[in-house]
Amino acid sequence: TENARARIADTNGNNAEALLHYQRAAESNPKLESVWYQIGRLQLLLDQQEEAEQSLLRSIEQDPELTSAYVALASLYVEHFTDAEKAIDILEKGLEVNEQAADIMAEYAIVLTLSGEDLNEAESYLEQAEEIDPEMPLVMAARELFEAYKAEQRAAMKAKGVQRKKQKGKFKKSKRR
């Protein structure tokens, strides 16, 4: 079947061929489980962002329980369309369906971190994800990103503090003259 051919091509890293087979499988059976997610995922890998968005939305419509579709769509919105608001909206919809989805919580933390939004909220989502599945690669990547972002912020704050001290010193010297 086309679905089996698609999985074989996908496993072998032949993204374009896998996409073609998944699309053929979807034509013959549009309700085939996770076919639209697989199509969207491959379209993302092949830089077909607009098509990927439509496929992932269709995947969510067809199978609202498939959390990876929400994560992929949110990632698309942030990375390719620079639209954190849309990413947050889709992740919130995913959490309405499954409030215990560690991957959605981790992606939520990533979106909040990358957009410079509320870091306390980002850390809260991240901690919840870690409680549910600390070994999930996306959860671990979210923690790594969050810690790196906090370290960058601390370094920037420290640099600003050093600049302020230098400026205060200059100001005091100029006042003494």
Side-chain angles (χ1 to χ4, degrees), residues 1-115 122 125-126 128-149:
T1 70
E2 289 297 331
N3 198 32
R5 287 187 185 108
R7 286 196 307 270
I8 291 167
D10 202 359
T11 302
N12 292 329
N14 299 329
N15 296 336
E17 184 183 338
L19 176 60
L20 183 64
H21 288 300
Y22 278 125
Q23 287 170 326
R24 287 181 185 155
E27 281 175 26
S28 62
N29 183 2
K31 294 200 184 301
L32 188 64
E33 190 175 327
S34 81
V35 71
W36 291 106
Y37 167 72
Q38 296 299 340
I39 290 171
R41 181 183 62 77
L42 288 163
Q43 287 168 326
L44 267 178
L45 291 173
L46 295 167
D47 287 327
Q48 299 172 9
Q49 285 83 23
E50 285 79 13
E51 296 89 343
E53 178 186 22
Q54 294 312 308
S55 296
L56 291 168
L57 285 168
R58 188 163 178 181
S59 171
I60 289 168
E61 183 183 311
Q62 181 180 319
D63 184 7
E65 299 287 323
L66 185 61
T67 60
S68 49
Y70 296 93
V71 171
L73 189 54
S75 179
L76 171 70
Y77 287 147
V78 169
E79 293 173 26
H80 297 286
F81 300 140
T82 13
D83 193 341
E85 200 173 302
K86 245 182 165 175
I88 287 170
D89 286 346
I90 202 68
L91 292 169
E92 285 177 351
K93 284 180 185 170
L95 286 174
E96 286 172 15
V97 174
N98 183 349
E99 61 186 28
Q100 293 296 307
D103 55 346
I104 293 178
M105 288 180 197
E107 185 67 22
Y108 208 128
I110 289 170
V111 170
L112 290 173
T113 301
L114 290 176
S115 64
Y125 277 103
L126 182 53
Q128 289 175 63
E130 288 171 330
E131 283 177 29
I132 295 165
D133 191 349
E135 301 299 314
M136 180 184 280
L138 183 61
V139 173
M140 295 185 330
R143 174 54 72 185
E144 198 173 300
L145 174 76
F146 182 79
E147 294 302 329
Y149 186 84

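What you see is a predicted model; the values in this text were computed from it and never measured.
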Can you list, pair by pair, the side-chain donor-acceptor contacts under 3.5 Å of residues 63-79, counting residues two or more places apart and other chains?
| residue | atom | partner | partner atom | Å |
| --- | --- | --- | --- | --- |
| Asp63 | OD1 | Glu65 | N | 3.4 |
| Thr67 | OG1 | Asp103 | OD1 | 3.2 |
| Thr67 | OG1 | Asp103 | OD2 | 2.7 |
| Tyr70 | OH | Pro64 | O | 2.9 |
| Ser75 | OG | Glu79 | OE2 | 2.9 |
| Tyr77 | OH | Glu53 | OE2 | 2.9 |

* Asked: Do His80 and Leu44 pass the side-chain contact (heavy atoms from CB on, under 4.5 Å) test, and can you show the C-alpha distance, the side-chain angles, and the key distance before you say yes or no?
  -> CA-CA 10 Å; His80 297 286; Leu44 267 178; 4.2 Å; yes
All side chain to side chain donor-acceptor pair (under 3.5 Å) counterparts of [X], not counting sequence neighbours:
X	value
Glu85	none
Tyr125	none
Ser55	Gln43
Asp47	Gln49

[X]: side-chain contact (heavy atoms from CB on, under 4.5 Å) partners, not counting sequence neighbours:
X	value
Ile8	Asn12
Asn15	Asp10, Leu42, Leu45, Leu46
Ala6	His21, Tyr22

As an exercise, state the distance from [atom1] of [X] to [atom2] of [Y], rounded to the nearest 0.5 Å.
X	Y	atom1	atom2	answer
Leu138	Ile104	CG	CD1	10.5 Å
Lys93	Ile90	NZ	CD1	5.0 Å
Leu114	Leu145	CG	CG	5.0 Å
Glu131	Gln100	CD	CD	9.0 Å
Leu19	Glu51	CG	CD	9.5 Å

* **Heavy-atom side-chain contact between Ile110 and Glu107 under 4.5 Å** => yes
* To do: Could you tell me whether Arg24 and Glu27 make a salt bridge, using a distance below 4.0 angstrom between a side-chain N and a carboxylate O?
  => no
Considering all heavy atoms of both residues, which atom of [X] and which atom of [Y] are nearest to each other, and what is their separation?
X	Y	value
Gly40	Ala52	O-CB, 3.6 Å
Met140	Pro134	CG-O, 3.3 Å
Ala129	Ala102	CB-O, 3.5 Å

* Asked: With sequence neighbours left out, which residue pairs that include part of residues 133-148 fulfil the salt bridge (charged side-chain N to carboxylate O under 4.0 Å, His left out) condition?
  -> Glu123-Arg143, Glu130-Arg143, Arg143-Glu147
* If you look only at pairs with a residue in residues 82-102, which of them pass as a ring pair (Phe, Tyr, Trp, His ring centres under 6.0 Å), with sequence neighbours excluded? -> none
Could you list the donor-acceptor pairs under 3.5 angstrom formed by side chains in residues 28-38, with sequence neighbours left out?
| residue | atom | partner | partner atom | Å |
| --- | --- | --- | --- | --- |
| Ser28 | OG | Ala25 | O | 3.1 |
| Asn29 | OD1 | Lys31 | N | 3.3 |
| Trp36 | NE1 | Pro30 | O | 2.9 |
| Trp36 | NE1 | Gln62 | OE1 | 3.4 |
| Gln38 | OE1 | Arg41 | NE | 2.9 |
| Gln38 | OE1 | Arg41 | NH2 | 2.8 |

* Taking only residues two or more places apart in sequence, or in another chain, which ones meet Arg7 in a salt bridge (Lys or Arg N to Asp or Glu O under 4.0 Å)? -> none
